[in-house]
Amino acid sequence: MPFFSQLPDIQTLLGTIDDWIWGPPLLLLLTGTGLFFTVRLGLLQLRRLPFALKQIFKSSNAKTQGDVSGFAALCTALSATIGTGNIIGVATAISLGGPGALFWMWLAAFLGMATKYAECLLAVKYRETDHKGNMLGGPMMYLSKGAGKPILAKLFALFGLGVACFGIGTFPQVNAISSAATHLFNIPTVAVAGLLTVLVALVTLGGVKSISAVAAKIVPVMAVLYVSACLWVLVANAEQLPQAVSLVFESAFNGMAATGGFAGAGMMLAIQSGIARGVFSNESGLGSAPIAAAAAKTDSCVEQGLVSMTGTFIDTLVICTMTGLTLILTQSWSGELAGAAMTSHAFAVGMESAVGPMLVNIGLLFFAFTTILGWHYYGERCVAYLFGKKAIYIYKLFFIGLIASGAFIQLNTIWILADIVNGLMAIPNLIGLLLLRKVVIAETQAYFASYDNRAASNAVPNQGNNAVVDTQ
């Protein structure tokens with residue numbers, strides 16, 4: 001059959017589709033949306049970041065509508081975003097695009113903070129209660145209720161379910177855990193798969209409160225431990241740090257890809273790999289974090305938007321930056337290693353101890369586990385929207401079955417397919433954000449006008465009952 005013999009194999013075809021989806025159009029849409037909200041909200045992610053960080057630990061009124069605290073909702077979202085992307089994704093970006101990719105990750109994160117704020121604000125504003133009294137929100141709800149685009153809402157939920165079951169939420173994480181556990185403790189793959197399946201079942205069958213409780217305990221501890229390990233390397237090599245930072249800015253604009261090539265190609269690789277891996281790591285604009293944000297106990301959609309915005313700051317501007325600088329300082333980025341092996345090598349060299357690689361693998365274990373939990377919840381909410389309450393239990397059993405089999409599945413084709421569906425999630429979500437831009441702007445302006453007026457009133461000394469106070 002001459003015709004069929006000339007057709008590309010499925011992996012090559014999917015690779016071509018993946019390159020097209022994550023090419024300039026989507027990257028421009030992602031960064032363009034972030035730039036729009038950055039400008040229209042007056043650099044909110046810069047001016048209001050200290051206020052947003054304070055809101056993370058704000059206590060919730062017991063009677064406030066929602067399932068979990070704002071902090072627990074943030075940890076649930078971070079559990080899905082802080083994962084293999086922070087260890088493997090950064091290494092991949094820098095190995096492809098050189099040190100300059102880190103600069104473009106920073107830019108994507110800065111703009112992405114505004115996007116994350118907007119999508120999580122809308123998630124709380126348009127959320128509703130499901131049959132069990134749990135919150136149902138996210139792009140599905142603001143696309144259907146707010147933007148009046150139910151078809152886009154269903155497409156998003158379908159793509160989100162695909163990512164949860166066959167992409168980020170299962171197979172890559174299970175394989176990362178299996179590899180790390182085998183390397184660290186020499187545990188057989190079958191035993192790892194069995195134990196992981198039991199742990200995932202115990203946590204996920206308890207619903208969002210169980211997931212958020214586990215995430216709220218694991219995520220902060222592992223983030224602090226991992227950042228501390230990175231700081232160890234940075235402090236030990238402090239004299240080389242200014243040169244490393246200078247290299248990031250220099251190669252961001254003149255091109256210095258580890259794979260070589262002329263300067264123009266290097267710069268384009270730096271831009272594309274940096275932005276794509278940055279978005280993949282913090283998920284700003286993809287629409288996943290708003291699902292967790294909708295569960296938060298809060299009376300203010302603006303305040304939860306601010307809390308959720310800090311997730312991108314923590315994920316990329318803190319943790320990914322630490323990983324990237326560690327790779328650059330130790331020159332690990334320019335070698336033959338890739339992915340987790342590159343990061344392990346960087347810590348081994350930087351810490352001059354076998355403790356470094358061990359910390360990387362332990363980080364992979366816990367980060368990958370919490371990513372599974374976070375994406376299980378995202379998938380559950382997508383199922384609830386698409387098929388109703390009766391399908392949730394079936395979904396839970398199916399998801400647990402995928403975890404049990406994930407360690408034995410070859411990832412090449414599935415990973416590419418997951419990347420495609422992940423990119424497709426972003427398209428309806430970004431369309432919804434732009435359609436609802438006036439709502440985001442109006443809610444933000446109203447909240448801060450009231451807040452700033454209250455702050456100004458409290459700052460004026462009490463001059464007696466007859467005093468007239470100008471709060472304008």
Side-chain angles (χ1 to χ4, degrees), residues 22 27 30-31 34 45 49 74 77-113 115-116 168 172-173 176 219-220 222-234 241 244-245 247-249 251-252 258 269-286 288-289 308-330 332-333 338-340 342-344 346-347 350 359-360 363-364 366-368 370-371 374 422:
W22 281 102
L27 296 181
L30 281 162
T31 54
Q45 68 267 54
L49 181 60
L74 173 64
L78 282 174
S79 72
T81 55
I82 297 180
T84 54
N86 299 86
I87 296 174
I88 299 174
V90 177
T92 301
I94 294 179
S95 66
L96 287 174
L102 188 58
F103 170 84
W104 298 107
M105 290 184 78
W106 292 339
L107 179 63
F110 180 73
L111 298 178
M113 287 175 70
T115 307
K116 182 72 69 72
I168 300 170
Q173 311 305 327
V219 170
M222 284 312 304
V224 169
L225 287 176
Y226 185 74
V227 168
S228 298
C230 291
L231 286 173
W232 183 342
V233 177
L234 299 184
L241 191 56
V245 174
L247 184 61
V248 170
F249 285 95
S251 57
L269 273 173
I271 295 172
Q272 185 167 357
S273 59
I275 293 177
R277 291 300 96 186
V279 170
F280 191 81
S281 175
N282 60 55
E283 299 180 11
S284 295
L286 298 190
S288 51
S308 299
M309 178 184 79
T310 64
T312 298
F313 174 79
I314 295 168
D315 179 272
T316 304
L317 293 178
V318 175
I319 298 178
C320 286
T321 295
M322 295 290 187
T323 302
L325 290 176
T326 299
L327 293 170
I328 296 167
L329 279 173
T330 58
S332 299
W333 68 275
M342 181 196 295
T343 309
S344 294
F347 278 89
L359 286 174
V360 171
L364 272 175
F366 284 96
F367 287 161
T370 55
T371 298
N422 206 24

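Values below: every heavy atom of this structure, side chains too, minus hydrogens, waters and symmetry copies. Counting begins at 1 with the first residue of the sequence.
Put simply, OG1 on Thr321 and CE on Met105 are 7.5 Å apart, with the number rounded to the nearest 0.5 Å. Between the OG atom of Ser344 and the CG atom of Leu364 there is a distance of 7.0 Å, given to the nearest 0.5 Å. The distance from atom CH2 of Trp106 to atom SG of Cys320, rounded to the nearest 0.5 Å, is 11.5 Å. How far CG of Leu247 is from CH2 of Trp333: 6.0 Å, rounded to the nearest 0.5 Å. Distance check: Phe313 CZ to Ile319 CD1 gives 10.5 Å after rounding to the nearest 0.5 Å.
Taking all atoms of both residues into account, the shortest heavy-atom contact from Leu30 to Gly285 is CD2-CA, 4.2 Å. Minimum heavy-atom separation, Gly100 to Ser251: N-OG, 2.8 Å. In plain terms, the two heavy atoms of Ala252 and Trp104 that are nearest each other are O-NE1, 3.1 Å. The two residues Ile94 and Gly324 make their nearest non-hydrogen contact at CD1-CA, 3.7 Å. Considering all non-hydrogen atoms of both residues, Gln45 and Phe110 come closest at NE2-O, 2.8 Å.
Looking at residues two or more places apart in sequence or on another chain, you find no side-chain hydrogen bond (donor to acceptor under 3.5 Å, both in side chains) involving Thr310. Under the side-chain hydrogen bond (donor to acceptor under 3.5 Å, both in side chains) criterion, Thr326 pairs with no residue at all, not counting sequence neighbours. Scored by the side-chain contact (heavy atoms from CB on, under 4.5 Å) test, Ala91 finds Leu327, Met342, Thr343 as partners (sequence neighbours excluded). The side-chain contact (heavy atoms from CB on, under 4.5 Å) check on Thr312 picks up Ala109, Met113, Lys116, Asn282, Ser284, with sequence neighbours excluded. Take Thr330 and apply the side-chain hydrogen bond (donor to acceptor under 3.5 Å, both in side chains) test, not counting sequence neighbours, and it matches Ser332.
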Chi angles and distances behind the side chain to side chain contact (heavy atoms under 4.5 Å, CB included) call for Leu102, Leu325
CA-CA 9 Å; Leu102 188 58; Leu325 290 176; 4.2 Å; yes

Side-chain polar contacts of residues 224-232 - donor-acceptor pairs under 3.5 angstrom, sequence neighbours left out - could you list them?
{"residue": "Tyr226", "atom": "OH", "partner": "Thr323", "partner atom": "OG1", "Å": "2.7"}
{"residue": "Ser228", "atom": "OG", "partner": "Val224", "partner atom": "O", "Å": "2.7"}

